[in-house]
J.: 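Please see the structure below; I have some questions.
Start at 1 and go down the list; that is how both ligands and their atoms are numbered. Not measured: the values here are computed from a predicted model.
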Amino acid sequence: MSDIAGVRLLGPGQIRGLAAELGVRPTKQLGQNFVHDANTVRRIVATSGVGPDDVVLEVGPGLGSLTLALLETAGRVVAVEIDPVLAARLPRTIAEFAPGRAADFDVVTADAMTVLPADLPVTPTALVANLPYNVAVPVILHLMTHFPTLRTVLVMVQAEVADRLAAGPGGRIYGVPSVKARYFGDVKRAGAIGRNVFWPEPKIESGLVRIDRRDPFGTDEAQRAATFAVIDAAFAQRRKTMRSALAGWAGGAPRAEELLREAGIDPGIRGERLDVADFVRLAQAAGTDPVATR
Ligand code: SAM
(Lines give C-alpha, C1' and ligand atoms only; values in the text may rest on other atoms or scores of the structure.)
Protein backbone atom coordinates (compact mmCIF):
# COMPACT_ATOMS: atom_id res chain seq x y z
CA MET A 1 0.00 0.00 0.00
CA SER A 2 1.36 3.43 -0.88
CA ASP A 3 0.56 6.94 0.23
CA ILE A 4 0.49 10.12 -1.92
CA ALA A 5 -1.34 13.26 -0.78
CA GLY A 6 -2.66 11.34 2.21
CA VAL A 7 -4.37 8.84 -0.08
CA ARG A 8 -3.93 5.11 0.44
CA LEU A 9 -4.63 2.78 -2.48
CA LEU A 10 -6.40 -0.57 -2.36
CA GLY A 11 -4.35 -3.76 -2.55
CA PRO A 12 -5.54 -7.38 -2.76
CA GLY A 13 -6.18 -7.52 1.00
CA GLN A 14 -8.42 -4.43 1.01
CA ILE A 15 -10.33 -5.58 -2.08
CA ARG A 16 -10.99 -8.98 -0.51
CA GLY A 17 -11.97 -7.34 2.78
CA LEU A 18 -14.40 -4.88 1.19
CA ALA A 19 -15.95 -7.56 -1.02
CA ALA A 20 -16.42 -9.87 2.00
CA GLU A 21 -17.93 -7.07 4.09
CA LEU A 22 -20.46 -6.25 1.35
CA GLY A 23 -21.11 -9.86 0.40
CA VAL A 24 -20.16 -8.90 -3.17
CA ARG A 25 -20.28 -11.68 -5.70
CA PRO A 26 -18.85 -10.03 -8.82
CA THR A 27 -21.22 -10.45 -11.77
CA LYS A 28 -20.20 -10.90 -15.39
CA GLN A 29 -23.34 -9.12 -16.46
CA LEU A 30 -22.14 -5.89 -14.83
CA GLY A 31 -18.53 -6.51 -15.92
CA GLN A 32 -17.37 -6.54 -12.32
CA ASN A 33 -13.62 -7.15 -12.29
CA PHE A 34 -11.92 -5.09 -9.61
CA VAL A 35 -8.33 -3.84 -9.90
CA HIS A 36 -6.15 -4.60 -6.86
CA ASP A 37 -2.86 -3.22 -8.12
CA ALA A 38 -1.63 0.27 -7.20
CA ASN A 39 0.76 0.50 -10.16
CA THR A 40 -2.04 -0.16 -12.64
CA VAL A 41 -4.42 2.49 -11.30
CA ARG A 42 -1.57 5.02 -11.04
CA ARG A 43 -0.56 4.26 -14.61
CA ILE A 44 -4.13 4.83 -15.83
CA VAL A 45 -4.28 8.18 -14.05
CA ALA A 46 -0.82 9.23 -15.34
CA THR A 47 -1.79 8.27 -18.91
CA SER A 48 -5.01 10.27 -18.65
CA GLY A 49 -2.98 13.40 -17.84
CA VAL A 50 -5.68 14.73 -15.48
CA GLY A 51 -4.61 17.32 -12.92
CA PRO A 52 -5.89 19.70 -10.24
CA ASP A 53 -8.02 21.64 -12.75
CA ASP A 54 -9.95 18.56 -13.82
CA VAL A 55 -13.31 17.28 -12.69
CA VAL A 56 -13.15 13.60 -13.52
CA LEU A 57 -16.17 11.49 -14.36
CA GLU A 58 -15.46 7.90 -13.37
CA VAL A 59 -17.89 5.27 -14.63
CA GLY A 60 -18.15 2.12 -12.52
CA PRO A 61 -15.97 2.95 -9.50
CA GLY A 62 -16.71 -0.47 -8.01
CA LEU A 63 -14.84 -0.78 -4.70
CA GLY A 64 -12.89 2.46 -5.34
CA SER A 65 -9.47 1.33 -6.62
CA LEU A 66 -9.20 3.81 -9.49
CA THR A 67 -11.23 6.44 -7.62
CA LEU A 68 -8.56 6.68 -4.93
CA ALA A 69 -5.75 6.95 -7.50
CA LEU A 70 -7.71 9.73 -9.22
CA LEU A 71 -8.07 11.56 -5.91
CA GLU A 72 -4.26 11.61 -5.59
CA THR A 73 -4.14 13.93 -8.61
CA ALA A 74 -7.45 15.26 -9.92
CA GLY A 75 -9.26 18.33 -8.61
CA ARG A 76 -12.54 16.48 -8.16
CA VAL A 77 -14.11 13.11 -8.94
CA VAL A 78 -17.73 12.30 -9.66
CA ALA A 79 -18.43 8.58 -9.91
CA VAL A 80 -21.43 6.94 -11.59
CA GLU A 81 -22.08 3.41 -10.35
CA ILE A 82 -25.08 1.25 -11.27
CA ASP A 83 -24.73 -1.19 -8.36
CA PRO A 84 -26.38 0.43 -5.30
CA VAL A 85 -24.46 -1.71 -2.81
CA LEU A 86 -21.10 -0.63 -4.24
CA ALA A 87 -22.23 3.00 -4.59
CA ALA A 88 -23.42 3.15 -0.97
CA ARG A 89 -20.06 1.95 0.41
CA LEU A 90 -17.88 4.34 -1.60
CA PRO A 91 -18.14 7.55 0.47
CA ARG A 92 -16.96 5.61 3.54
CA THR A 93 -14.08 4.03 1.60
CA ILE A 94 -12.99 7.49 0.44
CA ALA A 95 -13.28 8.87 3.98
CA GLU A 96 -11.13 5.98 5.28
CA PHE A 97 -8.48 5.88 2.55
CA ALA A 98 -8.42 9.52 1.38
CA PRO A 99 -9.74 11.53 4.35
CA GLY A 100 -8.33 14.83 3.05
CA ARG A 101 -10.13 14.45 -0.28
CA ALA A 102 -13.58 13.31 0.85
CA ALA A 103 -15.07 16.77 0.14
CA ASP A 104 -13.94 16.51 -3.50
CA PHE A 105 -15.83 13.31 -4.20
CA ASP A 106 -19.41 12.57 -5.24
CA VAL A 107 -21.07 9.32 -6.17
CA VAL A 108 -24.28 9.03 -8.16
CA THR A 109 -26.16 5.75 -8.41
CA ALA A 110 -27.10 5.64 -12.09
CA ASP A 111 -26.70 3.82 -15.37
CA ALA A 112 -23.86 5.33 -17.43
CA MET A 113 -25.77 4.40 -20.61
CA THR A 114 -28.46 6.96 -19.80
CA VAL A 115 -26.94 9.42 -17.30
CA LEU A 116 -27.16 13.11 -18.31
CA PRO A 117 -25.33 16.26 -17.14
CA ALA A 118 -28.34 17.31 -15.03
CA ASP A 119 -27.95 14.09 -12.98
CA LEU A 120 -24.48 15.12 -11.78
CA PRO A 121 -23.67 17.73 -9.12
CA VAL A 122 -20.63 18.96 -11.10
CA THR A 123 -19.57 19.43 -14.73
CA PRO A 124 -16.93 16.88 -15.72
CA THR A 125 -13.94 17.73 -17.93
CA ALA A 126 -12.50 14.23 -18.34
CA LEU A 127 -13.68 10.62 -18.37
CA VAL A 128 -11.35 8.13 -16.73
CA ALA A 129 -12.69 4.64 -16.13
CA ASN A 130 -12.18 0.92 -16.04
CA LEU A 131 -15.36 0.33 -18.01
CA PRO A 132 -17.77 -2.58 -17.72
CA TYR A 133 -16.65 -4.46 -20.82
CA ASN A 134 -19.99 -5.51 -22.29
CA VAL A 135 -21.24 -1.90 -22.56
CA ALA A 136 -17.95 -0.05 -23.06
CA VAL A 137 -18.55 1.30 -26.57
CA PRO A 138 -22.15 2.49 -26.04
CA VAL A 139 -21.11 4.12 -22.75
CA ILE A 140 -18.23 6.02 -24.42
CA LEU A 141 -20.44 7.19 -27.30
CA HIS A 142 -23.32 8.14 -25.01
CA LEU A 143 -21.03 10.20 -22.77
CA MET A 144 -19.16 11.90 -25.63
CA THR A 145 -22.51 12.82 -27.20
CA HIS A 146 -24.26 14.12 -24.09
CA PHE A 147 -21.33 15.57 -22.13
CA PRO A 148 -19.66 18.05 -24.52
CA THR A 149 -17.53 19.31 -21.62
CA LEU A 150 -15.54 16.03 -21.61
CA ARG A 151 -12.25 16.99 -23.30
CA THR A 152 -10.25 13.84 -22.63
CA VAL A 153 -11.14 10.20 -22.25
CA LEU A 154 -8.87 7.48 -20.93
CA VAL A 155 -10.61 4.16 -20.55
CA MET A 156 -9.64 0.59 -19.90
CA VAL A 157 -11.61 -1.79 -22.10
CA GLN A 158 -11.28 -5.31 -23.51
CA ALA A 159 -8.08 -5.36 -25.65
CA GLU A 160 -10.02 -6.32 -28.75
CA VAL A 161 -12.39 -3.36 -28.26
CA ALA A 162 -9.40 -1.05 -27.71
CA ASP A 163 -7.99 -2.23 -31.05
CA ARG A 164 -11.33 -1.67 -32.77
CA LEU A 165 -11.75 1.82 -31.36
CA ALA A 166 -8.25 2.85 -32.39
CA ALA A 167 -8.30 1.20 -35.86
CA GLY A 168 -7.98 3.35 -38.97
CA PRO A 169 -9.77 2.79 -42.31
CA GLY A 170 -8.95 -0.18 -44.51
CA GLY A 171 -8.44 -2.95 -41.99
CA ARG A 172 -10.62 -5.87 -40.94
CA ILE A 173 -11.22 -4.50 -37.44
CA TYR A 174 -12.17 -1.00 -38.59
CA GLY A 175 -15.89 -0.60 -38.00
CA VAL A 176 -18.69 1.33 -36.34
CA PRO A 177 -16.84 2.05 -33.04
CA SER A 178 -13.70 3.22 -34.92
CA VAL A 179 -15.58 5.67 -37.14
CA LYS A 180 -17.97 7.00 -34.47
CA ALA A 181 -15.20 7.59 -31.91
CA ARG A 182 -13.32 9.62 -34.53
CA TYR A 183 -16.34 11.84 -35.00
CA PHE A 184 -15.40 13.39 -31.64
CA GLY A 185 -11.63 13.63 -31.98
CA ASP A 186 -8.32 11.76 -32.00
CA VAL A 187 -8.35 8.16 -30.84
CA LYS A 188 -5.34 6.06 -29.95
CA ARG A 189 -4.27 2.94 -28.07
CA ALA A 190 -2.56 3.94 -24.83
CA GLY A 191 -1.20 0.68 -23.43
CA ALA A 192 -1.96 -2.91 -22.50
CA ILE A 193 -3.06 -4.33 -19.13
CA GLY A 194 -2.58 -7.97 -18.08
CA ARG A 195 -5.18 -10.16 -16.40
CA ASN A 196 -3.53 -10.62 -13.03
CA VAL A 197 -4.27 -7.11 -11.74
CA PHE A 198 -7.97 -7.98 -11.41
CA TRP A 199 -10.14 -9.86 -8.99
CA PRO A 200 -11.71 -11.98 -10.29
CA GLU A 201 -9.23 -12.52 -13.12
CA PRO A 202 -10.95 -12.04 -16.49
CA LYS A 203 -10.43 -14.47 -19.37
CA ILE A 204 -9.45 -11.67 -21.72
CA GLU A 205 -6.67 -9.11 -21.99
CA SER A 206 -7.38 -5.42 -21.46
CA GLY A 207 -6.17 -2.27 -23.16
CA LEU A 208 -6.20 1.48 -22.67
CA VAL A 209 -7.72 3.88 -25.18
CA ARG A 210 -7.36 7.63 -25.22
CA ILE A 211 -9.69 10.06 -26.99
CA ASP A 212 -8.85 13.76 -27.22
CA ARG A 213 -11.95 15.70 -28.15
CA ARG A 214 -11.54 18.12 -31.02
CA ASP A 215 -15.09 18.15 -32.43
CA PRO A 216 -13.72 18.47 -35.99
CA PHE A 217 -17.28 18.45 -37.38
CA GLY A 218 -18.80 20.79 -34.82
CA THR A 219 -21.39 19.94 -32.19
CA ASP A 220 -24.66 20.04 -34.10
CA GLU A 221 -26.72 17.14 -32.73
CA ALA A 222 -28.83 16.61 -35.87
CA GLN A 223 -25.69 16.30 -38.00
CA ARG A 224 -24.13 13.83 -35.55
CA ALA A 225 -27.28 11.67 -35.50
CA ALA A 226 -27.54 11.73 -39.32
CA THR A 227 -23.85 10.79 -39.65
CA PHE A 228 -24.17 7.94 -37.14
CA ALA A 229 -27.23 6.62 -39.02
CA VAL A 230 -25.30 6.38 -42.28
CA ILE A 231 -22.33 4.74 -40.51
CA ASP A 232 -24.68 2.12 -39.03
CA ALA A 233 -26.20 1.46 -42.46
CA ALA A 234 -22.81 1.19 -44.20
CA PHE A 235 -21.42 -1.34 -41.74
CA ALA A 236 -24.60 -3.39 -41.27
CA GLN A 237 -23.60 -5.12 -44.51
CA ARG A 238 -19.89 -4.46 -44.58
CA ARG A 239 -19.09 -6.89 -47.42
CA LYS A 240 -21.36 -5.03 -49.82
CA THR A 241 -20.40 -2.00 -51.86
CA MET A 242 -21.67 1.29 -50.51
CA ARG A 243 -24.15 1.52 -53.38
CA SER A 244 -26.01 -1.60 -52.24
CA ALA A 245 -25.27 -1.36 -48.50
CA LEU A 246 -26.93 2.07 -48.46
CA ALA A 247 -29.92 1.17 -50.65
CA GLY A 248 -32.29 0.84 -47.67
CA TRP A 249 -31.01 4.01 -46.03
CA ALA A 250 -31.25 6.07 -49.23
CA GLY A 251 -34.53 4.63 -50.56
CA GLY A 252 -33.03 2.55 -53.35
CA ALA A 253 -29.63 1.79 -54.85
CA PRO A 254 -29.88 4.46 -57.60
CA ARG A 255 -30.52 7.17 -55.01
CA ALA A 256 -27.67 5.80 -52.87
CA GLU A 257 -25.39 6.06 -55.90
CA GLU A 258 -26.49 9.65 -56.51
CA LEU A 259 -25.81 10.67 -52.91
CA LEU A 260 -22.44 8.90 -52.91
CA ARG A 261 -21.36 10.71 -56.07
CA GLU A 262 -22.59 13.98 -54.63
CA ALA A 263 -20.36 13.36 -51.60
CA GLY A 264 -17.41 12.55 -53.87
CA ILE A 265 -17.37 8.85 -52.92
CA ASP A 266 -16.96 5.96 -55.38
CA PRO A 267 -20.25 3.97 -55.13
CA GLY A 268 -18.32 0.73 -55.72
CA ILE A 269 -16.22 1.13 -52.56
CA ARG A 270 -16.88 -0.68 -49.27
CA GLY A 271 -17.58 1.21 -46.06
CA GLU A 272 -14.40 -0.07 -44.42
CA ARG A 273 -12.36 2.11 -46.82
CA LEU A 274 -14.08 5.36 -45.83
CA ASP A 275 -13.07 7.70 -43.04
CA VAL A 276 -15.37 9.69 -40.78
CA ALA A 277 -15.15 12.82 -42.98
CA ASP A 278 -16.57 10.76 -45.88
CA PHE A 279 -19.55 9.73 -43.75
CA VAL A 280 -20.13 13.32 -42.65
CA ARG A 281 -20.18 14.47 -46.29
CA LEU A 282 -22.56 11.66 -47.17
CA ALA A 283 -24.97 12.61 -44.38
CA GLN A 284 -24.76 16.22 -45.53
CA ALA A 285 -25.46 15.20 -49.15
CA ALA A 286 -28.57 13.38 -47.94
CA GLY A 287 -29.49 16.62 -46.16
CA THR A 288 -33.23 16.81 -45.76
CA ASP A 289 -33.86 13.96 -48.19
CA PRO A 290 -37.08 12.49 -46.76
CA VAL A 291 -36.07 8.84 -47.08
CA ALA A 292 -32.37 8.98 -46.28
CA THR A 293 -32.81 11.04 -43.14
CA ARG A 294 -35.91 9.46 -41.71
N1 SAM B 1 -13.37 0.86 -11.26
C2 SAM B 1 -13.34 -0.39 -10.54
C3 SAM B 1 -11.96 -0.97 -10.61
O4 SAM B 1 -11.18 -0.55 -11.47
O5 SAM B 1 -11.66 -1.85 -9.79
C6 SAM B 1 -14.38 -1.39 -11.06
C7 SAM B 1 -14.39 -1.62 -12.55
S8 SAM B 1 -15.44 -2.90 -13.08
C9 SAM B 1 -14.60 -3.42 -14.56
C10 SAM B 1 -16.87 -2.12 -13.76
C11 SAM B 1 -17.79 -1.40 -12.78
O12 SAM B 1 -18.86 -0.79 -13.53
C13 SAM B 1 -18.47 -2.26 -11.73
O14 SAM B 1 -18.36 -1.63 -10.50
C15 SAM B 1 -19.95 -2.33 -12.18
O16 SAM B 1 -20.86 -2.49 -11.11
C17 SAM B 1 -20.10 -0.99 -12.87
N18 SAM B 1 -21.14 -0.93 -13.92
C19 SAM B 1 -21.56 -1.92 -14.75
N20 SAM B 1 -22.47 -1.47 -15.63
C21 SAM B 1 -22.62 -0.13 -15.37
C22 SAM B 1 -23.42 0.91 -15.93
N23 SAM B 1 -24.23 0.67 -16.99
N24 SAM B 1 -23.35 2.15 -15.40
C25 SAM B 1 -22.51 2.42 -14.34
N26 SAM B 1 -21.73 1.48 -13.77
C27 SAM B 1 -21.78 0.23 -14.27
J.: Which atoms of ligand 1 are found less than 4.0 Å from any heavy atom of V80?
T.: 25 (C), 26 (N)

J.: Between M156 and ligand 1, which residue portion shows a heavy-atom distance shorter than 4.0 Å: side chain, backbone, both, or neither?
T.: neither

J.: Do D186 and K188 meet the salt-bridge criterion of a basic N to acidic O distance under 4.0 Å?
T.: no

J.: Going by the order shown, which atoms of ligand 1 are within less than 4.0 Å of some heavy atom of Q32?
T.: 13 (C), 15 (C), 16 (O)

J.: For atom 23 (N) of ligand 1, what is the closest protein heavy atom, and at what distance to 0.1 Å?
T.: D111 OD1, 2.8 Å

J.: For atom CZ of R16, is the number of surrounding heavy atoms from other residues, nucleotides or ligands below 6.0 Å larger than 12?
T.: no

J.: Would you indicate which of V85, T109, V197, I82 comes nearest to atom 26 (N) of ligand 1 when only heavy atoms are counted?
T.: I82

J.: So which protein heavy atom does atom 17 (C) of ligand 1 come closest to, and at what separation?
T.: E81 OE2, 3.3 Å

J.: Between D232 and K180, does at least one N-O distance fall below 4.0 Å, as a salt bridge requires?
T.: yes

J.: Evaluate the salt bridge (charged side-chain N to carboxylate O under 4.0 Å, His left out) criterion for residues E201 and R195: first the C-alpha distance (whole Å), next the side-chain angles of each, then the deciding distance (0.1 Å), finally the verdict.
T.: CA-CA 6 Å; E201 218 175 277; R195 305 171 191 203; 5.8 Å; no

J.: Is there a donor-acceptor pair closer than 3.5 Å between any side-chain N or O of R189 and the backbone N or O of R210?
T.: no

J.: Measure from the side-chain N and O atoms of D266 to the backbone N and O of G268, and report whether any donor-acceptor pair falls under 3.5 Å.
T.: yes

J.: Which of the numbered atoms in ligand 1 are under 4.0 angstrom from any heavy atom belonging to E58?
T.: 1 (N)

J.: Which residue holds the protein heavy atom closest to atom 5 (O) of ligand 1, what is that atom called, and what is the gap in Å?
T.: V35 N, 2.8 Å

J.: Any Lys/Arg nitrogen of E96 or R89 sitting under 4.0 Å from an Asp/Glu carboxylate oxygen of the other?
T.: yes

J.: Starting from atom 8 (S) of ligand 1, find the nearest protein heavy-atom neighbour and note its residue, name and distance.
T.: G31 O, 3.3 Å

J.: Just need the protein heavy atom nearest to atom 6 (C) of ligand 1, so name the residue and atom and give the distance.
T.: G60 O, 3.3 Å

J.: For atom 19 (C) of ligand 1, what's the nearest protein heavy atom and its distance?
T.: L30 O, 3.1 Å

J.: Apply salt bridge (charged side-chain N to carboxylate O under 4.0 Å, His left out) to residues D215 and R213 and explain how you reach the verdict.
T.: CA-CA 6 Å; D215 288 328; R213 186 193 284 271; 3.1 Å; yes

J.: Is it the case that atom CZ in R273 sees more than 12 heavy atoms from other parts of the structure closer than 6.0 Å?
T.: no

J.: Taking the inter-plane angle between the rings of F279 and F235 on a 0 to 90° scale, is it parallel (under 30°), tilted (30 to 60°) or perpendicular (over 60°)?
T.: tilted

J.: What is the nearest protein non-hydrogen atom to atom 3 (C) of ligand 1, stated with its residue, atom name and distance?
T.: N130 ND2, 3.5 Å

J.: Where is the nearest protein heavy atom to atom 20 (N) of ligand 1: which residue, which atom, and how far?
T.: P132 CG, 3.5 Å

J.: Is it the case that Q223 and Y183 place a side-chain donor and acceptor less than 3.5 Å from each other?
T.: yes

J.: Side chain or backbone of L86 under 4.0 Å from ligand 1, or both, or neither, by non-hydrogen atoms?
T.: side chain

J.: Answer with side chain, backbone, both or neither: which part of A112 has a heavy atom less than 4.0 angstrom from an atom of ligand 1?
T.: both

J.: Could you see which bit of A129 sits under 4.0 Å from ligand 1, with heavy atoms only: side chain, backbone, both or neither?
T.: neither

J.: Using a 4.0 Å cutoff against the non-hydrogen atoms of A110, which atoms of ligand 1 qualify?
T.: 24 (N), 25 (C)

